[in-house]
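As structure tokens, the structure follows; a few thoughts come after it.
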Amino acid sequence: MSNTQPLVEVRDVTKIYRAGDVDVLALQSVSLAIQPSEFVAIMGASGSGKSTLMNILGCLDRPTSGRYFLEGREVSTLSPGELADVRNRSLGFVFQSFNLLPRTSGLENVELPLLYAGVSGRERRRRAEEALRQVGLADRMHHYSNQLSGGQQQRVAIARALAARPRLILADEPTGNLDSRTSLEIMALFQDLGRMGMTIILVTHEADIAEHASRVVVMKDGRILSDHEQTPRVARPAASVMEGASP
Ligand code: ADP
Ligand code: MG
């Protein structure tokens, strides 16, 4: 592993959920360092702690104990408001359900978070168009999101994450609602973004999805069972997925 400063580093992180009288130990002494531009898949059975770890990495929740450093800054002790700031500034989220507004164009869906972030109108449009071109949707950005296929909707959601210019993309089961051919297109897109230097952490329970990452972390019962680098399987030649992109 290289000796540059990790983009993400969790040290000895534990998460305990208190549900009534019962304590659920969702993460036990998890330590993990991720370098800039790594593409990491987190795998594991249901209940193994993947989403809990993603929630902590995504600054949506804090560990019960242990430390989390994002870009060298300790974020495990920040207040909810400060965490929201870090989230908006540094992180892009992609979910299994695309969470787009219906009867609203792809372009507007991508612009909306920029509006909330206070980006001016012209700059908003410029960034949203650029992000939609990046995901190969240049020719469909004015279609209503509900007129797009599932794969196209997920690409709008990825463009929405990219438009905020995050340091890190966190994707929780992004292909969970897609057929296998469309899933491959989405993995090809993540691989394109990885080549461009984006850091990606993706949760999946499917081994044939994880094959496309450059590193696989397997979780079991709240612990890291294994963590290895691999030669990623190429999802598809980069050019062929960029429908609507210039040759
Ligand atoms: P995965 O995403 O791998 O399916 P989770 O991180 O969702 O796993 O869950 C890990 C463990 O923590 C499970 O035992 C789950 O039931 C428990 N858990 C998750 N969220 C909560 C919560 N909000 N309250 C209580 N227990 C929870
Ligand atoms: Mg989960």
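Nothing here was measured: the structure is a model prediction, and the numbers come from that model. Heavy atoms only: backbone and side chains are in, while hydrogens, waters and symmetry mates are out. Atoms within each ligand, like the ligands themselves, are counted from 1 in listed order.
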inquiry  = Can you confirm whether some protein heavy atom lies under 4.0 Å from atom 16 (O) of ligand 1, or whether none does?
reply    = no
ask   = Is the shortest side-chain N to carboxylate O distance from Glu123 to Arg125 below 4.0 Å?
value = no
query = Side chain or backbone of Thr52 under 4.0 Å from ligand 1, or both, or neither, by non-hydrogen atoms?
reply = both
task = Would you sort out whether Cys59 and Arg87 count as a side-chain contact (heavy atoms from CB on, under 4.5 Å), showing the intermediate values?
result = CA-CA 6 Å; Cys59 296; Arg87 244 180 359 249; 4.1 Å; yes
query = Is there any N or O on Ala26 that sits under 3.5 Å from an N or O of ligand 1?
reply = no
message = Check this for me: Tyr144, atom OH, are more than 12 non-hydrogen atoms of other residues, nucleotides or ligands nearer than 6.0 Å?
response = no
query = Does Arg233 pair with Asp208 as a salt bridge, N-O distance under 4.0 Å?
reply = no
Atoms in ligand 1 flagged as close to Ser51, the criterion being non-hydrogen separation under 4.0 Å = 1 (P), 2 (O), 6 (O), 7 (O)
Close approach of Ala45 to ligand 1, heavy atoms, under 4.0 angstrom = yes
ask   = When you measure from atom 19 (C) of ligand 1 to every protein heavy atom, which one gives the shortest distance, and what is it?
value = Tyr17 CE1, 3.4 Å
request  = Step through the shown structure and confirm whether more than 12 heavy atoms of other residues, nucleotides or ligands are within 6.0 Å of CZ on Arg165.
outcome  = yes
key: Qualifying residue, where the test is side chain to side chain contact (heavy atoms under 4.5 Å, CB included) with Leu7 and the options are Ser90, Pro36, Ser37   = Pro36
key: Nearest heavy atoms of Glu71 and Gln5, plus distance in Å   = C-NE2, 3.2 Å
task = Decide, counting backbone as well as side-chain atoms, whether Ser51 has an N, O or S atom less than 2.8 Å from the Mg ion (ligand 2).
result = yes
ask   = Quick one: nearest non-hydrogen protein atom to atom 8 (O) of ligand 1, plus distance?
value = Gly49 N, 3.2 Å
task = Assess Gly44 for proximity to ligand 1: is some non-hydrogen atom of it under 4.0 Å away?
result = no
ask   = Are Arg215 and Asp227 close enough for a salt bridge, meaning some N to O gap below 4.0 Å?
value = yes
message = Suppose I only count heavy atoms of Val24 and a 4.0 Å limit; which atoms of ligand 1 are within that range?
response = 12 (O), 14 (O), 17 (C)
remark   = ligand 1 atoms nearer than 4.0 angstrom to some heavy atom of Ser46 are 4 (O)
For atom 10 (C) of ligand 1, the protein heavy atom that lies nearest, with its residue and separation = Gly47 O, 3.4 Å
